[in-house]
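Below, chains carry the letters A, B, ... as their sequence lines are ordered, and counting in each starts from 1.
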Amino acid sequence: MALSLYWYLIVAAALFCIGLYGVLSRRNAIGILMGIELMLNAVNINLVAFWRYLTPSVLTGQVFAIFAFTVAAAEAAVGLALVIAIYRSRDTVIVEDVDLMKW
Amino acid sequence: MREFFFNLTWLIPIFPLLAFAIIILFTQKNQKLSHSISIGAMSLSWLIGWGVAFSAFATPHLGEHPFRLIAPWFPTGATTFNIGIWVDPLMAVTLFMVTFVCLMIFIYSIGYMGYGTEEVDPNYSRFFGYIALFACGMLGLVVSENLLTLFISWEIMGLCSYLLIGFWFQKNYPDPNKITPRQAGLKAFLVTKVGDLFLLLGILYLYNQAGSLSYADTLFNQEFLHQLAHTPALPIFGGWSAASAIAALMFGGTVGKSAQFPLHVWLPDAMEGPTPVSALIHAATMVSAGVYLVARIFPLLNVVLEVDHHNPAMSLIAFIGAFTAIFSSIIAIAQNDIKGVLAFSTISQLGYMIAALGVGAYVAGAFHLITHAFFKALLFMGSGSVIIGCHHEQDMMELGGLKNKMPRTFWTFVAGGFALSGFPIITAGFWSKDEILAHAWHEFMHQGVVSWPFFVWLLLTIAAFLTAFYTARQISLTFLGKPRSHHAEHAHETPNTMTIPLMLLAFFAITLGFVGIPEEIVGHGNNWFHHFVGHEYPATPLSIPVMLLSASLAVGGLGLGWLVYGRKPLAHGEMDPLERGMQRIKLGWLYEAMRNKFYFDELYHATFIQGSLKLAEVFYKIDNRWIIDPIVNLAGRVGVALAEFSSFLDSRFVDGAVNGTGKVVTILSRLNRIFDIRVVNALVDLVGKSTQYAGGKLRSIQTGRVQNYLMVALVTVLMALGLYLIYLS
Amino acid sequence: MMVQTIVFIILSLVTLGAAIAVVTTKNLFHSALYLILSFVGVAGFYILLEAPFLAAVQILVYVGAIAVLIVFAIMLTRRLMAKDLVQRNAQWGWSALGAGLLFAVLGVVLVRVNWPVVEAAIPEDTITILGKELMGVYVVPFEVASVLLLVALVGSIIIAREKE
């Protein structure tokens, strides 16, 4: 194999950190959700890369990636439903305005 | 047929679980349907349970070849963790007891919770859901094949005890010192959690040593047990072997669940729950689970005894058991609440079982576990019947004279009481208790008078006498004499749903002892219980002096109790004769201490509870006073010093300018005053203000914004990873 | 060999570049479009890793479903897309620093580990094996996942529904 496993891992780590930055810095709840999706993608790249390089004969990595897809889909659906619900009741999707848990 | 029932064992806990789910999710509105589902599920469990139990009784050599049925549960690295069922003699007898007693209590609850009357509980259906979940926990614990499912069931019961003790959570008392059901539930949950932590540690330790938690791989694997007995434990245990250490840790769980000293404080308060709950949790099942656990891990204790001829963990267990037995039976004498007496009597009887297992009397401990569950459930349900019959009057000083008004309750209660005190020959309690005493006696004859089994035997023997005494006191005060209050005057017998379970239980309270009569009396091989449950352990040799002694103590205690309380019945408002007598010989303080449970609640309140609060305060102060205040103070002091210095320069300058006349002093003093007001006061204010400011800033950490919290999490992760990197290099 | 490397580099640039655009663009709608591009890039990685099935699923689920869902949500709340709205919060600087540090630490850890790489060809017909695994060893998680999806479906309807 021409490409080393390290390259995939580095790219995945970079994607993860970019997503993390999005989660931490976006004011808009939808923006935060997009960051989370990026992070989940990074995890999936890792899973598939580990499968390809470490255990090519057992497909556990791919199976787990499929489960991660499922969870991501469920998460996106519920998350966006929450955004819409909040938008409807509070007329905003800016997370800083949603601070009911403040002391 | 045998295999058929064994293969169905896994269904036993499933039925109540389904009943719980159905009731909570769907049928809460319909009371009749709810209790039918609950009792129906329990009946199915009971049928299969007894099927399994009797099949097990009929299986020869079940002890050597227990039945095991497992299925893979989840993979743990290279191995797979199994879930499964386990049928062996101890499990079979416990299952026999648990399924039947649970069913009786379920039926009894219909009457107690007031079905069909105007006093019916508003949460009637939910009650049946909770007790079904509780039964699921207990049955799961009994049938489980490994310690993990045992622990899970154990915790389900912990949750249910919280829910059920606090079932009347809305109840409040005018007296703020009287514990409310809500607080009692919380207390039971928290106190038993202390023990559970030890149990979990023990299980983890065992897993660490064995790589498995299955009974077959650990507790019934002689090779592994011997290896464990030769492995030294972690240094913290002194010179103990790993087997002793694991057993002692797991015993910690028992101390919590079975309310042994020093974690006994939750059980008396747990009487705040409805009486069927008291019978279910605090007599027949949950507290028995603790004893069952010790009996389960008995091979772990026994192997150390075989290897070393001495096991410190067992001495510890025996002592705690014996001390609990005597300690709580002393308290029971001075209790006036009809359920309070039974609560302490339960603690004391559990102490008996624990002590029995501690001195190596495996069979006797298991035997007493079974017989006690029957007669204690009977007594609790009898007291519940009294409470319902007398319109929720629980104070025995206000009862009396119920013998003819509630005949069924009276006679069954007497049967239970006699079994509890060990009335000779005709009651179950006699045979099981005698076997424990005989075994302790045998151990101490074996090891000499100054050995520890002597004290265990002595404490247990005294406790047996006290038990008989307070039982007679309870029966006399409640049922004999004349009614001492309006409620008792108008008492009525309770409905059939309550009295029929009482009668069925009374039957077992009398007859169950006959399966375990010593071989010396009934002939070789006829001690069925010993033969079935513990043939690998030597039988307890019959000791005629001990048997005579325990018989005479039981009769003597009952007789003395009757002499004091029954012969000349108390009038209303009269002082307890025992209290009067003790006051006469200047021991009134002791009686007071007994009535107040030797002030353990107060002690724990003063130490642990107040201690935690104090600790929290200290941490708060460290934060506020030792870190933030000093910084603020330092800043203030520097400011003052600077100001003084500049005023000093100022005054020199002024001094020089006015050429040192007498007015200088006045001016200076004026300046000083101005300085005082303008600068010093301002600085003092500054100290206060800045503290306020720091508090405000600190408070703002709680922004309520998820992203801020996430940021903190990220920083933490980064620090952990950084430390890891440093550690690597 | 060279081809693979070149493709990898292009994919990395596209994916990461698009991802950076996703988290920095002011206009959320553009963000969503970049997100789709990033997802497509990840699908490319799957093809490069010889997992074509996953690549197809990636396109279907992420590009086809999730991205569309996000665009929908943006449209539904579009009043908030006004140009002058600040999309970054106050802690964005610290976030960037933290994320950068995390990347550095992760990079160091990843490179230092000596991964036990197996030089073996992947089995033929991976999709069949994958199907059998999902319906065999992993059948319980598979069913649980389907229940999860159902619950998410019902849950989102209930959460987002107008209160009557």
Side-chain angles (χ1 to χ4, degrees), chain A residues 1-3 5-11 13-15 17-22 24-28 30-31 33-35 37-38 41 44-45 48-49 51-57 59 62-63 65-67 69-74 76-78 80-85 87-88 92-94 96, chain C residues 1 4-5 8 12 15-16 19-20 22-23 28 31 35 38 42 45-46 49-51 54 57 61 65-66 69-70 73-74 76-77 80 87-89 91-92 95-96 99 102-103 106-107 110-111 115-118 120 122-123 126 129-130 133-134 138 141 145 148-149 152-153 155-156 159-160:
Chain A
M1 278 172 275
L3 291 159
L5 172 62
Y6 293 117
W7 293 112
Y8 286 102
L9 297 184
I10 295 286
V11 168
L15 194 58
C17 292
I18 294 170
L20 180 66
Y21 168 73
L24 288 175
S25 66
R26 282 287 189 185
R27 292 178 72 207
N28 190 312
I30 301 175
L33 276 173
M34 287 198 258
E37 296 300 338
L38 286 178
N41 265 282
N44 266 356
I45 293 181
V48 180
W51 159 72
R52 182 64 192 86
Y53 283 89
L54 303 187
T55 59
S57 52
L59 277 95
Q62 287 211 31
V63 172
I66 288 176
F67 288 137
F69 280 139
T70 325
V71 174
V78 175
L80 290 170
L82 281 173
V83 169
I84 295 198
Y87 177 67
R88 197 169 280 148
T92 179
V93 288
I94 302 300
E96 286 164 6
Chain C
M1 290 303 130
Q4 271 196 17
T5 315
F8 181 86
S12 309
T15 312
L16 296 183
I20 290 174
V22 169
V23 294
L28 259 194
S31 251
L35 186 68
S38 191
V42 174
F45 280 123
Y46 292 155
L49 284 163
E50 299 176 72
L54 286 188
V57 176
V61 173
I66 294 180
L69 205 59
I70 288 174
I74 293 172
L76 282 173
T77 58
L80 300 161
Q87 289 288 357
R88 295 190 298 217
N89 62 16
Q91 63 169 12
W92 72 273
S95 310
L102 183 69
F103 177 64
L106 281 181
L110 289 175
V111 173
W115 301 102
V117 173
V118 178
I122 57 165
T126 44
I129 301 176
L130 194 61
E133 291 267 294
L134 276 179
Y138 295 98
L148 174 74
L149 279 178
L153 181 75
S156 359
I159 293 171

Student: What part of C:Leu35 is in contact with chain A, defined as an atom under 4.5 angstrom from a non-hydrogen atom: side chain, backbone, both or neither?
Tutor: side chain
Student: From A:Arg88 CZ over to C:Ile159 CD1, what is the distance, rounded to the nearest 0.5 angstrom?
Tutor: 12.0 Å
Student: How far apart are the closest heavy atoms of A:Arg26 and C:Val22, and which atoms are they?
Tutor: NH2-O, 2.6 Å
Student: Of all heavy-atom pairs between A:Ala13 and C:Phe103, which one has the smallest distance, and what is that distance?
Tutor: C-CD1, 3.8 Å
Student: Within a strict 4.5 Å, meaning less than it, do heavy atoms of the A:Val11 and C:Phe8 side chains meet?
Tutor: yes
Student: Heavy-atom distances under 4.5 Å only: say whether A:Leu5 touches chain C with side chain, backbone, both or neither.
Tutor: side chain
Student: Taking C:Gln91 for the side chain and A:Leu24 for the main chain, is one N or O donor matched with an acceptor at less than 3.5 Å?
Tutor: yes
Student: Of all residues at least two apart in sequence or in a different chain, which pass the side-chain hydrogen bond (donor to acceptor under 3.5 Å, both in side chains) check with A:Asn44?
Tutor: none
Student: May I ask you to test the C:Ile20-A:Tyr21 pair for a side-chain heavy-atom distance under 4.5 Å?
Tutor: no
Student: Can you tell me which of A:Leu20, A:Leu54, A:Val78 forms the most heavy-atom pairs within a distance under 4.5 Å of chain C?
Tutor: A:Leu54
Student: Answer with side chain, backbone, both or neither: which region of C:Ser38 has an atom nearer than 4.5 Å to a non-hydrogen atom of chain A?
Tutor: side chain
Student: Can you sort out the partners of A:Phe69 under ring-ring contact (aromatic ring centres under 6.0 Å, His included), two or more places apart, ordered by chain and number?
Tutor: C:Tyr62
Student: Based on non-hydrogen pairs under 4.5 Å, which of A:Ile84, A:Thr55, A:Val83, A:Leu80 is most in contact with chain C?
Tutor: A:Leu80
Student: Rounded to the nearest 0.5 Å, how far does CD1 of C:Ile74 lie from CE of A:Met34?
Tutor: 4.5 Å
Student: Which answer fits A:Trp7, side chain, backbone, both or neither, if we ask what part of it has an atom under 4.5 Å from a heavy atom of chain C?
Tutor: both
Student: Name the option with the most non-hydrogen atom pairs under 4.5 Å to chain C; the candidates are A:Gly31, A:Cys17, A:Ala73.
Tutor: A:Cys17
Student: What closest approach, in Å, do C:Arg88 and A:Arg27 show between heavy atoms, and which atom pair accounts for it?
Tutor: O-CD, 3.0 Å
Student: Who wins among A:Leu33, A:Leu59, A:Ile10, A:Ile66 for the most heavy-atom pairs under 4.5 Å with chain C?
Tutor: A:Leu59
Student: Below 4.5 Å from any heavy atom of chain C, which atoms of A:Thr70 appear? Answer side chain, backbone, both or neither.
Tutor: both
